[in-house]
There are 2 protein chains.
Amino acid sequence: MNRPSKFTGILTLSAVFAFAALLAATSARADEGMWTYDHPPLKQLAERYGFKPDQAWFDHLRLSSPSMGASASFVSADGLILTNHHVTLGFVQRLSSPEHNYVRDGFYAKTQAEELPIPGASVSVIMSIQDVTDKVNAAVKPGATPAQAQEQRDKVVAALEAECLKSTGLQGDVVSLFGGSKMALYRHKEYTDVRLVFTPELAAAFFGGDDDNFCYPRYDLDMSFVRVYENGRPVKVEHYLATNPKGASDGDLVFVSGNPGRTERLLTVAMLDYQRELVFPAMLDRLKARRALLKQYGAQGPEQARRARTYLYFLENSIKSREGEFRGLNDPALMKRKLAEETALRAAVAKDPALAPYGKAWTDLEKAQAWARVHDKDRQFKMGLGERSLMGTALTLVRYAQEVTKPDTDRLPGFHEADLSDRLRMLKSPGPVYKDLEIVNLTDELKFVVAGLGAEDPYVKTLLAGKTPEALVKETVDGTRLDDVTFRRDLLKGESQAILKSQDPMILLALRAEPTLRQTRRLFRENVDAVETAGLTQVAKAGFAVYGDGVYPDATGTLRLAFGKVAGYPFATTLVPPFTTFYGLYDRAYGFGQKGDFAIPPRAAARRDQLDLSTPLNLVCTADITGGNSGSPLVDKEGRLVGLVFDGNMESHPNTFVYDETQARCVAVDIRGILESLRKLYDAGPLAEEIVMGHQ
Amino acid sequence: MNRPSKFTGILTLSAVFAFAALLAATSARADEGMWTYDHPPLKQLAERYGFKPDQAWFDHLRLSSPSMGASASFVSADGLILTNHHVTLGFVQRLSSPEHNYVRDGFYAKTQAEELPIPGASVSVIMSIQDVTDKVNAAVKPGATPAQAQEQRDKVVAALEAECLKSTGLQGDVVSLFGGSKMALYRHKEYTDVRLVFTPELAAAFFGGDDDNFCYPRYDLDMSFVRVYENGRPVKVEHYLATNPKGASDGDLVFVSGNPGRTERLLTVAMLDYQRELVFPAMLDRLKARRALLKQYGAQGPEQARRARTYLYFLENSIKSREGEFRGLNDPALMKRKLAEETALRAAVAKDPALAPYGKAWTDLEKAQAWARVHDKDRQFKMGLGERSLMGTALTLVRYAQEVTKPDTDRLPGFHEADLSDRLRMLKSPGPVYKDLEIVNLTDELKFVVAGLGAEDPYVKTLLAGKTPEALVKETVDGTRLDDVTFRRDLLKGESQAILKSQDPMILLALRAEPTLRQTRRLFRENVDAVETAGLTQVAKAGFAVYGDGVYPDATGTLRLAFGKVAGYPFATTLVPPFTTFYGLYDRAYGFGQKGDFAIPPRAAARRDQLDLSTPLNLVCTADITGGNSGSPLVDKEGRLVGLVFDGNMESHPNTFVYDETQARCVAVDIRGILESLRKLYDAGPLAEEIVMGHQ
């Protein structure tokens, strides 16, 4: 299952940019690319599939593809949205309580009145895209250093976004593509009244658990329905996907419209080496330590297990996903291919005097890597604190207080006017906080920092203020009131000083941490991120110059269109089928004696005889996807819904760095499995009819 | 699926010996070993499973485990035998015709009268085992060279076997174990009236075809029943397996009793290097070329496809199996482990003056490998001709004629008195011969020899006698009468000279080929095989001296007992279940849209609703098996039948060289799947009742 891009937090690489991906010479034979809607793969679709959609086809699909952190689609005129169970899982967990365990039992609102408002959820739709490359470039003064150029760009971007909100009422987002060589202003319409309509029980949505996660053949009903409201009534949307209840067939051309979070296909070999040697080993160690901790916590009792479930789930998900990528980085064939591509491009650049200036990019990038290697401890221990905890909330409040008083264009990324509504909504939303779990997490994090830097490190001394991590965390968590939404709202109502002068112990800890974190982040922005942006822009431009313009940018969390065909694949000396069916769910369950996550979900056990077991349940296709695509609709040539993307198989993870379709597959719930289960397992026939008819 | 040892023919390594396998230090934790019945793994069973069977337990299982080329078991007092569909496939093919396609349609004799006699089939049971090590060793004169010692051993072995037949009426087989350091006389009772009782249609026995072969999860009914007759009536046997209709559970201790064909766990690193660098690449190329040829032939029409089916099946089977082994040879972890074991043993030998003489073994073996490398072309092109064809028949006749006039002890291996009945029975049995297919195969083989040695090679010139391969083969195959069983029987009735003076063109070609083949084989016996036997005997003895006596010998096609537990395994980031069910058959079929070998077998399609789909169909366990174990019974601690071994998964093939149970598994049909299908798919309830009741 793909990690929604919202949850990339601590796990992402130090530098998250928009990098361009160059089409290799072989790409004309591959279903490669996460294309922007303003430059769709017309040529590839025509050449490979003889398919020539018009502009209206693309517009309809784009407007039917809202984002809700990860991906989703409108599936009825009455604002009904289909996405993954695991995309809504965090929300469902927040709506749950020991009395109403919707994660364990599922939820279905038989009437509109029963639909459950989801605190903090929002949905946005891209209304238009405007090229602002020239405007952004014009702001960069001749002779600026990379760091200066970055700052000048940041300012104009903030101004453009603010202007968008002011003049259109739409959320503006300037998106940097191809390593910054193209900039586009995306205008979003935001909906913030989002209500839960249907979610299945975890046992059906996540059958096979972490073992089967990222694997295929798969048998999961990883789906949820929410509905968007405005003024207390379901939103009427013009663009929503029709349903093809017959589904897709083996070999059919299909499309995925969604928000892939991150690919790194432009990274140079030196950058990949850095990832393999330093970033991934430390990251995987950290994730696994955190997983062990959460398991230990969850083992104390059923309520602790319930509390730990969501975070544990994302940890396990991240570990498997990152291990898949790490395998790619350690794959000699993949690295050889990257090196060959890089060598070819550098040779072409060196040969052509007009391109020669680009040659410097690779040496600049190597220098940035060298700097990062020297400062690797800072990256590991002084970049952040408080992942998924009240400490994170405290740091956000402190930064908000420090930034909001500055002119918009001078603020830290993420604190411009245009970014604030999203941030403030989360801060002002209620949600359960478990102080015992907070203590476990924060103690672990502080001990990790102490172990990494040593007790004599000035940052450590400042943080601990003479106490042990255990004692400090206990008094901080016990004493803080940040778990109270009213307290947070009150803090945000006051002047910036209300936060900065607060005596809440968690805020005080954040204030001690922030100068070092801010300093480290600044140094990495200047010495690594800015150099990489500049260098990769040059690499991308060199690529344009040598290979021409038919390329797509790296994934950056913005809306993209991928295409491919329904297809099984060769694996471990046999073949993997393009489809699975309900039969396989029972086979796998009985094969394991129904142990653990392989138990037949209760409804499937009780209602087996009502199901047509040969109904396709999951399917795979070659479309180029990655984390963040979770919840994307899978549509056919007529733009009709034939499936719901929820995963990439393990073999797709190295595609972060190089696309290969031999075994890499996008995994989706088949529309036929969705309809069959709504009707026969969940007594949710009216919901099935709503998506088939296109309205309530 | 495992290749029955009968069919190893051209495919085996140049030197087929009995090598000893040394238990590594870790083996106490592993379900390792193919144990002889006179030295069963009592210690391992007691320590690992707390199980202490008595001698009667072993005797009963041994006497219930007849051989029919591959493995089998008695499953009723009325001589009923259970083995694999693929073990009987060659026989079923011989019984089939365009009018009665039992391969395609299956066969069931509802009454005894309908049971179909199988020409050329035989079944043998080991009645007793006697240690003859001293007798054999006494025959080797002091100071004999390896080649002389080999010859002296061959003579005494032939004498012992002849004496056994004469004095007991039982077939005698002197089995060389632990690289010749132990010799045992196995006395067999032979049955030659074997009749086909039941075999399912190929589509059910081999669902998933070559793709799923050697893979798991699997959904195959790879089973056949035959019955042994004497004097026109079913044989009454005292020892047969009771059935446990409830089957085995996950984790249960189970046993496999059968005839594993070949393991090479004693090979030195130098010998493995030779296999990896020279033997396997050439062998795989050759097998693949032959497969392509057969496919081309089969593509001409349905009758050609039917004719090519069995051989093609065994080719595909061999290719996958050998590729699995080759993967092992190319696995750095496996080779590292072998090297570490060898280094440790050599160091122990070097350290102890009493063991120092063994040290020479490794250098001797390296020299034999060096000789073999120099003569590799001879091994490839001058060791054999006429695999699975009339040319092979002609060569056997010629050799028989040349050897039979010599004293028994002077004959070539395989032509001693004790070997002859088996050989002659095949020669005298009817069976279809397709001359067009003979032409295709022999032309290909001659062209392969010409291409390998060049047109000017004396052997090539002798073979071709001035003709093109095409012309020579055409006139030879057109002109031969060896396809006529009466002609063969007449030839064998006459004096040896009748064969040697025959003007049959195929015999004439064999007579031209034989001197070179004989010479090459002799040189390899002397310079490689004999040195390897001697060297590996020393290595085995060194192992005994250093590690003690609790070891099992390499597989050599004789009856062995393996043990293990029912267990799934981790694979490709998820888990593989211990059992599959009928559900999975339908899932996989529908998942592939029922294409090709994934079509639901017609009976399973028609009678789905009568099946309990959750019935276990196949299962896996950790027992140590290899090719030749096909057809072995899987029994529980009470010695009751719980399954029918038919395959090792792909991960088990490197076990030829080193046992590892992380992923390697023995694959069996579950007894519950056998009973359910007999009763509900095949209207063969009486057969199911016979094995449950233990008699007709």
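Owing to the predicted nature of the structure, the values given are computational and were not obtained by experimental measurement. Proteins come first, then strands; the chains are lettered A, B, ... in the order of their sequence lines, and each starts at number 1.
Only the side chain of B:Leu613 has a heavy atom closer than 4.5 Å to any heavy atom of chain A. With a 4.5 Å cut-off on non-hydrogen atoms, A:Pro578 touches chain B through its backbone and its side chain both. Only the side chain of A:Asp250 comes within contact range of chain B, with at least one heavy atom under 4.5 Å from a heavy atom of that chain.
Annotation: residues 584-604 of chain B contacts chain A through B:Gly584, B:Tyr586, B:Asp587, B:Arg588, B:Tyr590, B:Gly591, B:Phe592, B:Lys595, B:Phe598 [non-hydrogen atoms, separation under 4.5 Å].
In this structure A:Asp660 satisfies the salt bridge (charged side-chain N to carboxylate O under 4.0 Å, His left out) test together with A:Arg337, sequence neighbours excluded.
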Q: Give the C-alpha distance, both sets of side-chain angles, the deciding distance and a yes or no for side-chain hydrogen bond (donor to acceptor under 3.5 Å, both in side chains) between B:Asp212 and A:Thr574.
A: CA-CA 5 Å; B:Asp212 276 6; A:Thr574 186; 2.7 Å; yes
